[in-house]
Student: 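Next up is a structure, given as structure tokens.
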Amino acid sequence: MNARLVHFVWSHRLGLLVIVAVAMVLIFPLVTNNPYTLELTNRIAIISLAVVGLNLFMGSTGQISLGHAAFLAMGAYGSGVLTVHAGLSPWVALLAAAVLAAFFALVVGVPLLRLSGHALAMATLACNVVVHHVLLQEDQWTGGPSGLAGIPPLSVGGILLDNPVQLHFFVWGVLLLVLFGALNLVRSLPGRGLALLAADEIGAACLGVPVLRVKVALLVLSAVLAAVAGSFFAHTYGYVSPDSFSIFVSTDLAIMVVLGGMGSVWGSVLGAAVIILLPEVSDAAETYKEFVHGGILVAILLFAPQGAMRAIRQGWQLAVWRWRRAHATA
Amino acid sequence: MRRTLWWLVAGMLLSAAPVFAKETIKIGAFFDLSGRAAFIGTPTKLVAEMVVEALNAAGGVGGKKLELVIADTEGDPAKAATIATRFIHKDQVVAIVGPTLTDEGMNVKKIVHTGRTPVVMTVGGDPVILDGEKFGPARWVFKSPQRSSTAVERLFTYLKEKGLTEVALLTADDGFGKDGLRWMEALAPRFGITFVAKEAFGARDTDMTAQLTRIKHAAPKALVVWTIGPAGAIVAKNRQQLGMTVPLFQSHGLPDPKYIELAGAASEGTRMPATKLLVVDELPEGDPQKPVIQDFVRRYTERGYHKQFPINTHSGYAWDAIMLIVKAMEKVGTEPEALRSAIETTKDYVGVSGTYNLSPEDHNGLGVDSMVMVEVRDGRFVLAR
Amino acid sequence: MDWMQFIWAGLGNGAIYALIALGFCIVYGAMGIVNFVQVDFVTLGGMFLYSVAVTAGLPVPLGVVASMVGTALVAMAVERMALRPARTANHLVLVFLTVGISIVVRGAIHMVWGKNRMAVPPLTADDPVRLLGAYVLPQTLWMMVLTLLAILALVWFFRGTPLGLAMRAVASNPRAAAVVGIPAGRVRLAAYAVAGACGGLAGALVTPITTLSADVGVLLGLKGFAAAILGGFGSFPGAVVGGLILGISEALAAGYLSSAYKDALAFVLLVLVLAWRPQGLLGR
Amino acid sequence: MLRLEGVTKRFGGLTALDGVSFAVAPGTVTALIGPNGAGKSTLLDCLFGVQRPDAGSIRLGERELVGLSPDAIARLGLARTFQNLRLAPFETVLDTVLVGLVARQPFSLWAGLLRLPATRHTERAMRLAALQALDRLGLAHKADWPAGVLAYGDKKRLELARAIVAEPQVLVLDEPVAGLNRVETEAVASELRRLRRAGRTVLLVEHDMDLVMRLADTVVVLDGGRRIAQGTPVEVQRNPLVLEAYLGQMEVVA
């Protein structure tokens with residue numbers, strides 16, 4: 001009986017996980033409707049959107065991008081500039097910003113993806129620096145260093161998304177859809193090809209994975225997701241400023257991927273949550289906060305280099321195995 | 001009437017349950033303590049703690065102790081927004097002081113507006129207290145440092161007096177520098193000032209000889225530099241290196257003994273607008289600010305803060321920010337809307353950085369008379385002649 | 001003779017970028033990773049100089065030596081305590097491990113030296129000298145001379161000492177080096193020490209000009225990394241050439257094009273070079 | 001029919017392949033042998049588009065393969081195993097074999113993201129095919145193990161399973177029994193025999209002369225980048241050039 005239950009749970013683990021996730025998202029605002037908590041969780045959801053995309057790129061190509069904040073910026077500023085200066089509706093602006101980011105990723109991606117390793121990391125970082133600089137300098141459009149305010153919130157079916165609870169359902173709903181898509185992709189046949197691509201480019205190519213096309217496609221996909229996240233960011237806060245999209249934000253995004261585990265879809269959310277919640281924890285340590293912040297980061301990378309999600313999964317598998325063995329002997 | 005009622009309620013609560021006696025009035029204070037402006041945010045935090053301690057030693061506000069809830073924005077606007085939400089909804093503070101940077105302040109405006117909590121900011125930029133579509137709601141936002149426009153007016157008045165009207169501008173490309181540039185361009189015609197060169201540099205740049213060389217060719221009568229932090233000192237050193245003799249004027253961001261320390265002999269003769277805090281000894285006896293400033297300086301040095309953070313023109317802003325809140329609180333208590341309008345109608349509060357007269361149109365309340373021109377002479381700041 | 005003024009400014013900064021880039025290359029050679037703690041080695045160099053020359057009041061040249069030694073010791077501690085226990089050979093994870101270490105080191109700097117800006121004395125008096133039609137600070141000349149000396153010392157180290165030769169062997173073929181019994185641990189430790197000394201020297205030389213604060217190394221370090229990539233990551237002559245090109249092009253951009261966009265122009269140049277030559281200017 | 005004509009590849013001054021020509025007839029096992037450094041690996045790299053030959057042509061049926069990308073070549077029906085294992089260690093054994101089917105389908109990220117019912121159906125069919133391939137090589141009971149934890153012999157067989165699952169037109173095996181013990185080698189040999197019976201076309205690159213002699217229909221001998229002999233196993237065994245090439249090698253080894 002018990003064994004059958006375990007088998008059922010195991011074989012339907014993904015479906016069950018999705019059901020549990022949806023249920024948790026639905027129930028969460030009933031448990032706490034404190035705007036502070038919701039602001040944090042909403043931010044986790046928004047950033048996770050970008051991290052899932054970046055993780056698909058990094059996890060499948062094994063390459064670092066240190067420039068994804070530039071795509072976030074394109075979404076945020078695209079939304080901001082088009083709504084504030086051109087008076088477009090938020091959804092149109094969001095769409096236009098996503099298209100812009102996709103186009104930029106395509107143009108930059110084709111020559112740059114010939115690079116690999118540190119050169120690619122540096123090149124993406126350089127793109128980020130340039131975009132950041134444009135945001136600072138072109139102040140008649142971007143508001144320069146003091147930022148761009150007065151960005152209207154999104155609305156869905158006539159409901160204005162301007163309070164944390166409505167935003168919660170919206171951003172987590174979108175994130176779950178994206179996660180679902182990403183999980184599908186990872187489990188699909190092309191997804192298996194991507195997993196091999198991460199481990200071995202030539203091997204993957206010889207098995208029929210169109211390497212350059214896939215790399216560019218994933219860069220574009222991750223750029224679009226980052227741009228959408230940036231747009232949500234802009235419409236949520238109603239304000240954007242260049243330093244929200246500096247290279248340090250890019251490194252943070254990459255750290256979220258590595259922390260959660262490259263190629264792990266759920267790990268993306270976990271990594272985003274850890275990095276966003278870390279200051280809330282380490283703030284309590286006041287003078288020692290940088291030690292706590294950096295120390296936790298170092299500890300996770302030292303002791304769970306495969307990523308937090310895989311470490312958890314391995315722990316779980318170990319537990320299941322032990323349980324099975326105990327019941328086999330009994 | 002209302003005040004007595006409040007006192008009455010407070011008194012009843014105090015006598016009724018000793019546990020309530022411990023209840024405090026919470027003020028949220030968030031500054032950049034580890035980010036790019038930690039060197040401004042950290043002393044601001046120290047001063048905020050100092051003023052709260054002083055107030056509590058004097059009996060608190062209406063018999064209740066003040067409690068400061070401190071947080072670190074890390075120079076990140078998104079982080080600042082999170083902290084502001086936490087202050088309002090979790091810590092349930094009555095009012096907020098901070099943050100340190102203009103873009104942090106901008107990202108907080110909407111939150112304090114919907115959260116109905118007054119905030120007195122210690123940021124340099126003016127957009128935080130501008131209201132409207134382009135700037136976001138400013139109804140609940142105040143700021144204690146002078147507006148950039150005030151400092152520009154003070155400087156331009158001085159330049160006009162001295163007949164130094166052909167000016168070369170060298171501005172940082174951060175928020176502070178751009179704000180200054182915007183105001184200088186807007187106010188120049190009124191003072192008959194023309195610009196013969198306009199150059200920019202990054203706030204973290206380490207060499208401005210290229211920009212200064214171009215300025216040198218424009219042969220201005222005065223060189224105005226608008227920045228905050230060490231870049232100003234580097235400009236001073238580069239100017240000396242290139243053998244330029246054109247008089248150097250800095251912004252109100254630089255009156256700081258650190259500037260003299262960093263620029264060394266190159267700082268000699270630099271003039272800049274500043275609060276009276278730096279030249280308190282030279283103030284006439286009748287100046288109402290003199291005793292306030294002297295008291296502030298005494299407390300600051302008693303605690304030994306001046307060893308790492310020598311008193312500069314920004315030192316008093318956190319003091320004034322908290323005092324603006326406390327003065328209003330003493331009048332009307334802690335009900336948000338009442339507190340907000342009490343801050344908005346503050347009149348003749350004599351603070352460290354000037355005499356504040358706020359109004360619904362002016363959420364800063366400091367005029368040109370709150371600033372003086374100072375000059376570096378023999379390694380210290382004195383009133384400029 | 002404006003251009004001469006710009007060239008001097010560029011050479012000074014370029015020498016520092018080159019020194020930092022060398023630090024990046026040395027660790028890359030030994031471990032195959034980008035060591036982001038290099039950024040803090042630069043800051044530490046300035047801090048040690050401050051402690052020795054200002055706080056303790058000792059002569060500045062002694063301070064420069066102390067900052068090289070001190071930073072090298074810190075670098076060795078970082079390698080020994082934080083990188084060696086890592087349970088992975090995955091380069092990506094190690095790179096981000098160094099980012100985490102960098103946060104901790106910066107926290108330590110904040111605690112020991114505080115958060116305010118500091119002034120650091122230059123090696124010799126601050127009066128500019130007139131050289132080839134430009135005004136040059138003596139410190140700029142020191143930067144160039146000492147960087148050159150450091151490069152010569154490195155050449156000697158890598159060509160003339162057993163440890164240096166071992167490090168070169170590891171850099172060119174790690175597996176073969178392991179087979180012939182070169183102790184990987186000692187090589188990594190030595191690489192960190194040398195990289196730390198390079199960063200420390202750069203910090204001690206540049207902070208009298210830039211002024212000193214806990215994050216002074218971040219932007220400089222970034223430019224150093226860019227210089228290393230520009231020249232071809234891992235190539236020592238490439239690091240020097242990359243540093244100088246970056247420094248000079250920055251100064252010329254500020255002088256002749258747009259001072260507002262000069263930082264961006266340096267990075268645009270970098271991207272263009274990489275698109276043309278993915279392995280960098282002098283990379284293999 | 002896979003036909004190579006005058007394939008030449010130079011690395012700097014070194015000529016790795018010097019006008020190599022031979023053909024692999026359909027339904028046969030062709031073995032490619034030669035001492036170390038003879039150019040076998042370079043030849044395979046050229047065949048799969050990893051390297052581009054400087055001259056010559058490689059045709060599969062009527063299609064010219066030179067100039068195509070590796071994935072395009074894989075899609076035309078060439079599959080291979082690798083001398084040095086190329087496996088993703090965290091993927092399960094079953095998933096690893098599934099990757100062998102990537103070339104059989106258009107590579108669409110969209111289809112993966114949306115997971116339409118049609119995709120689901122084909123993937124179920126592919127899973128079945130993958131399990132069958134595993135079963136034939138005796139790995140079915142380890143289908144949910146991570147590939148990284150398998151023993152070396154199992155990994156070799158896993159790669160073989162991955163290569164045959166797509167039923168390619170030409171199967172290229174790069175040293176499939178190197179490092180295997182006798183029992184394991186025998187398992188691979190019987191699988192190869194089964195493939196030949198089923199009419200598969202195989203290009204076998206192998207050191208194990210015993211295996212080559214037992215299985216191959218035709219043997220091609222490379223030395224120093226040139227084809228020095230071609231024929232049936234018996235013919236090749238008697239060829240003095242071949243003996244010299246191998247004996248010379250042996251002397252070096254001894």
Side-chain angles (χ1 to χ4, degrees), chain A residues 10-11 14 52-53 56-57 59-60 62 177-222 224-225 261-265 306-307 309-310 313-314 317, chain D residues 44-45 47-50 69-82 84-92 94-116 119-120 122-123 126-127 130 144 146-148 159 162-163 166 168 172 174:
Chain A
W10 186 244
S11 54
L14 195 72
V52 170
L56 283 176
F57 175 75
S60 304
L177 279 179
V178 169
L179 283 176
F180 199 52
L183 285 170
N184 279 343
L185 178 61
V186 170
R187 287 195 310 153
S188 73
L189 200 54
R192 318 259 184 237
L194 297 182
L196 181 64
L197 177 58
D200 175 3
E201 201 170 310
I202 292 176
C206 288
L207 284 163
V209 180
V211 175
L212 190 64
R213 183 164 73 84
V214 165
K215 280 184 176 178
V216 174
L218 284 172
L219 184 70
V220 171
L221 179 68
S222 67
V224 168
L225 281 174
M262 296 224 303
S264 160
V265 174
Q306 72 278 51
M309 206 63 215
R310 278 210 184 87
R313 183 169 299 162
Q314 284 166 358
Q317 279 169 347
Chain D
L44 288 194
D45 280 353
L47 187 56
F48 278 87
V50 178
S69 65
D71 63 282
I73 291 171
R75 276 167 198 283
L76 287 174
L78 253 68
R80 71 179 289 188
T81 65
F82 298 91
N84 312 318
L85 297 166
R86 291 182 184 272
L87 298 167
F90 286 114
E91 293 290 294
T92 65
L94 181 61
D95 289 344
T96 306
V97 177
L98 274 172
V99 175
L101 291 160
V102 162
R104 284 269 297 271
Q105 274 210 317
F107 196 94
S108 163
L109 295 179
W110 284 113
L113 278 169
L114 299 177
R115 200 172 166 76
L116 302 168
T119 330
R120 236 181 282 184
T122 48
E123 286 198 0
M126 289 179 164
R127 194 170 291 265
D144 60 348
E159 273 215 335
R162 185 172 69 181
V172 181
D174 195 354

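Lettering follows sequence order; numbering is per chain, from 1. Owing to the predicted nature of the structure, the values given are computational and were not obtained by experimental measurement.
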Student: Should A/R192 and D/V97 count as side-chain neighbours, where that means a heavy-atom distance under 4.5 Å?
Tutor: no
Student: Locate the shortest heavy-atom distance separating D/R86 from A/G203; write the atom from each residue and the value.
Tutor: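 Result for this residue pair: CD-CA, 3.7 Å.
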Student: Tell me, side chain or backbone of A/A182 under 4.5 Å from chain D's heavy atoms, or both, or neither?
Tutor: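 Contact with chain D is through the backbone of A/A182 alone.
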Student: Output the distance between atom CG (D/D95) and atom CG (A/L196), rounded to the nearest 0.5 Å.
Tutor: 11.5 Å
Student: Just wondering, do A/L185 and D/W110 contact through their side chains at under 4.5 Å, heavy atoms?
Tutor: no
Student: Tell me, for D/L87 versus chain A, whether the close heavy atoms (under 4.5 Å) come from the side chain, the backbone, both or neither.
Tutor: backbone
Student: If you count heavy-atom pairs within less than 4.5 Å of chain D, which of A/A205, A/A199, A/A198, A/A217 leads?
Tutor: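 Option with the top pair count is A/A205.
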Student: Can you say whether A/Q314 sits under 4.5 Å from chain D via the side chain, the backbone, both, or neither, judging by heavy atoms?
Tutor: side chain
Student: Tell me which of these, D/P106, D/A88, D/A163, has more heavy-atom pairs under 4.5 Å with chain A than the rest.
Tutor: D/A88
Student: Taking D/E123 for the side chain and A/L189 for the main chain, is one N or O donor matched with an acceptor at less than 3.5 Å?
Tutor: yes
Student: Would you say D/R115 and A/R187 make side-chain contact, with heavy atoms under 4.5 Å?
Tutor: yes
Student: Atom CG of A/L177 and atom CG of D/L113: how far apart are they, to the nearest 0.5 Å?
Tutor: 11.5 Å
Student: Hey, which of D/L47, D/D71, D/V50, D/L78 is the one that makes side chain to side chain contact (heavy atoms under 4.5 Å, CB included) with A/C206?
Tutor: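 Only match with A/C206 under side chain to side chain contact (heavy atoms under 4.5 Å, CB included): D/V50.
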Student: Which region of D/F82, side chain (C-beta onward) or backbone (N, CA, C, O), has a non-hydrogen atom less than 4.5 Å from a non-hydrogen atom of chain A, or is it both or neither?
Tutor: side chain
Student: Name the region of D/S108, side chain, backbone, both or neither, that has any atom closer than 4.5 Å to a heavy atom of chain A.
Tutor: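 Contact with chain A: backbone only.
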Student: If you round to the nearest 0.5 Å, how far is OG of A/S188 from CZ of D/R120?
Tutor: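 Between atom CZ of D/R120 and atom OG of A/S188 there are 12.0 Å.
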Student: Do D/L114 and A/N184 have side-chain heavy atoms sitting under 4.5 Å apart?
Tutor: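 Contact flag for D/L114/A/N184 side chains = no.
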Student: With a 4.5 Å cut-off on side-chain heavy atoms, are A/I202 and D/D45 touching?
Tutor: no
